[in-house]
Number of protein chains: 2
Amino acid sequence: MATIKDVAERAGVAPSTVSYVLNESRPISPETCRRVRQAVEELGYHPRASARTLRSTRTDVLALALPRTDGSQRAIDGRFAIDISDAARRLGYDLLLTTAQEKAEGLRRVARSGLADAAVLMAVDMEDARIEVVRELAFPAALIGRPADEHALPWTDLDWEAAAFLAVRELAAAGHREIVYLAPTEREVSARRSYALRGIAGARRGAQQTGATVRVVHADGDPARQVPALLGGPAAPTALAVQHGLVLPDILTAAAAAGLQVPEDLAVVAIGSLPDHPSGREQPRIELPVETLAAEVTRLAAAAAEALREPGASPPAQRLLADSVGHLLIPPVLLAEGGIAGPRSR
Amino acid sequence: MATIKDVAERAGVAPSTVSYVLNESRPISPETCRRVRQAVEELGYHPRASARTLRSTRTDVLALALPRTDGSQRAIDGRFAIDISDAARRLGYDLLLTTAQEKAEGLRRVARSGLADAAVLMAVDMEDARIEVVRELAFPAALIGRPADEHALPWTDLDWEAAAFLAVRELAAAGHREIVYLAPTEREVSARRSYALRGIAGARRGAQQTGATVRVVHADGDPARQVPALLGGPAAPTALAVQHGLVLPDILTAAAAAGLQVPEDLAVVAIGSLPDHPSGREQPRIELPVETLAAEVTRLAAAAAEALREPGASPPAQRLLADSVGHLLIPPVLLAEGGIAGPRSR
DNA sequence: CTGTTAGCGCCTTCAC
DNA sequence: GTGAAGGCGCTAACAG
């Protein structure tokens, strides 16, 4: 492996000169430049990341702290991970994955060993062990998900409350009076997942404000069994708002299997559906803006890393830092090509 | 940030002694051990990864080279990424994500800057630019996906050929004579995706061996439109084998919407479905063994990294190395709780 | 505009 | 059983 010394020797200059040329950290004469670049080329030289980091205390790596979740969630988390990786690269960072265990030791280890300049925390709950970790270590971080303490750290999130409210309001506006809000699972609620709590709150507000009956039901992980049960019974709903990116297709399948036409017999609005799902079916929906969230949270994390490099950014200043870096609550957008169908008049 | 020197000072020993204690690279008296550990604790010391790497030329990081794919595949790729991250951690590695661009510069950069000890290449095609890169750089690597040149590098994959064959054979055994094989898209085939080509080959072999009529149709990304078209017509199939992890629910919905009962009117077998999908419906299927593939490919990559550390492992030995490290073709397992339904007698 | 020098933090000989 | 010293590859401070 060629080192900067080899390059310097070959180009007939000092090692530091090579460094200056490559980092453009100082004006260098065109001729020297040319010679250096040629030597680099000929030797196939590439700077060693570890040496650079040791010297400069920057890694150009961001850590992504995934929550520990079950298999099905991993598809969504992974989707984010890849988009965040893209976003990071565009800002000049690589992305290191850490899957959180009980006490976020992965994140702690990465932060303390100086493997990354900042962290992105995915899918944070209202309270989240990872938040404690980054604050304790004064490690720059940005979150996807809106924590209970909104001012502790920069974050981005879809406005789930507004999204659920919007879905209910639009269904009510289309004439529906009996609506079921299919919320995340009980488990997610008792884990105090931010999106779950806020979504339910939004649905409740929608009920209150429209006067429609909104029954909040938790998904139980088995749409094929649960959906028919919901739709039968005396007060059969005419509309369903579903807050679960993955199971929407299964719900449609279940409805179809139960002999219901969508949307004639049952209007369905999806909240937080994944973009790019290859179903041709254009369902009314509020999409989870994965790409936007990924780009924003990455920007915030990178900004936090930069800010900490400025002289005078002492640890106690981090709370202030968070506020100055800012938050981003993304307003929901309802996509409904053909409008929302009303209830079948009967 | 505390350094090894600080710890040494506090414990009243030499820096090297601290190193010995922490790495257990030499017997140290219990008393000294205790004092060192206490100092470590009190100062919150953690060795700096960059310094350790600079010294030892090992990073304890694996790189994951994702293919550039469109959004829908990202859910699957991401699922793998997270499982691989878990597997890596279990072997003592962290995982660095790189999303491949045209010429896999990401991977190249990571390899050359010494950011990782080995790479895992996800979703490799029959021919794949990333393979050239790792071979050219003599960078240890393992693949998910079975490349055309099977002996160049270690790999793991589901045996797609056998999977498709098995699906067709079982459908035929259940009495079906008119079967549609819904294969990956044309685009995937012309990109020479390994799973697509091999799956189709397996379906063809199944047809040949069972005498059933198997029509191979490429998914066009819009099940709601495509499926009814497939199921109508003069020679309506009684069974469908679907090689596409994500669209299965949409296909079931489309079938239901077309007035077909599954499985009475149409038997459906899914090939390469994602595990843990929260659809309650127990569909006959051959699951993509994500966890197994992730664990195996990680093991292979780590082994390749270790092997290259052995003295005498010169670059020309890498091909041999690959063979000694080995491959793993995972046999398909058909999951069909209630057996596979036969065609409705008519 | 370019060269020299010192050290980032760690590990590993080598000497005691 | 312990300590001192050197160097991994790079960059920033200090000459010239």
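Predicted model, so just to flag it, every value in this text is computed and none were measured. Every chain is numbered from 1 and lettered A, B, ... according to where its sequence line falls, protein lines coming before strand lines.
Put simply, the side chain of B:Tyr20 and the base of C:dT13 share a donor and an acceptor less than 3.5 Å apart. For B:Arg55 against C:dC11, a side-chain N or O and a base N or O form a donor-acceptor pair under 3.5 Å. Counting distance only, with no hydrogens placed and no angle test, the side-chain atoms of B:Arg35 and the base atoms of D:dG1 include no donor-acceptor pair under 3.5 Å.
Comparing A:Pro47 and B:Gly12 by the nucleotide of DNA chain D that holds the closest heavy atom to each, the one mapping nearer the 5' end is B:Gly12. Mapped onto DNA chain C by nearest heavy atom, B:Ser50 and A:Ser16 fall at different nucleotides, with A:Ser16 at the one closer to the 5' end.
Distance from the side chain of A:Arg52 is smallest to D:dC10 among D:dC10, D:dA12, C:dC1.
The nearest whole Å value for the distance from the CG atom in B:Leu22 to the P atom in C:dC11 is 8 Å. In this structure, A:Arg58 places its CZ atom 16 Å from C1' of C:dC8, rounding to the nearest Å.
Among the protein residues, B:Ile28 comes within range of the sugar-phosphate backbone only, with heavy atoms under 4.0 Å from sugar or phosphate atoms but none that close to a base. Across all strands, B:Ser19 comes closer than 4.0 Å to base atoms (heavy-atom distances). When heavy atoms are screened at a 4.0 angstrom cut-off, B:Pro27 is found touching the sugar-phosphate backbone but no base atom. As judged by a 4.0 angstrom heavy-atom cut-off over every strand, B:Thr32 is placed among residues touching the sugar-phosphate backbone only.
In this structure a side-chain-to-backbone donor-acceptor pair under 3.5 Å is missing from A:Arg299 to A:Leu91.
At a threshold of 4.0 Å, the pair B:Asp6-B:Arg10 does not count as salt-bridged, since none of the basic side-chain nitrogens sits closer than that to a carboxylate oxygen.
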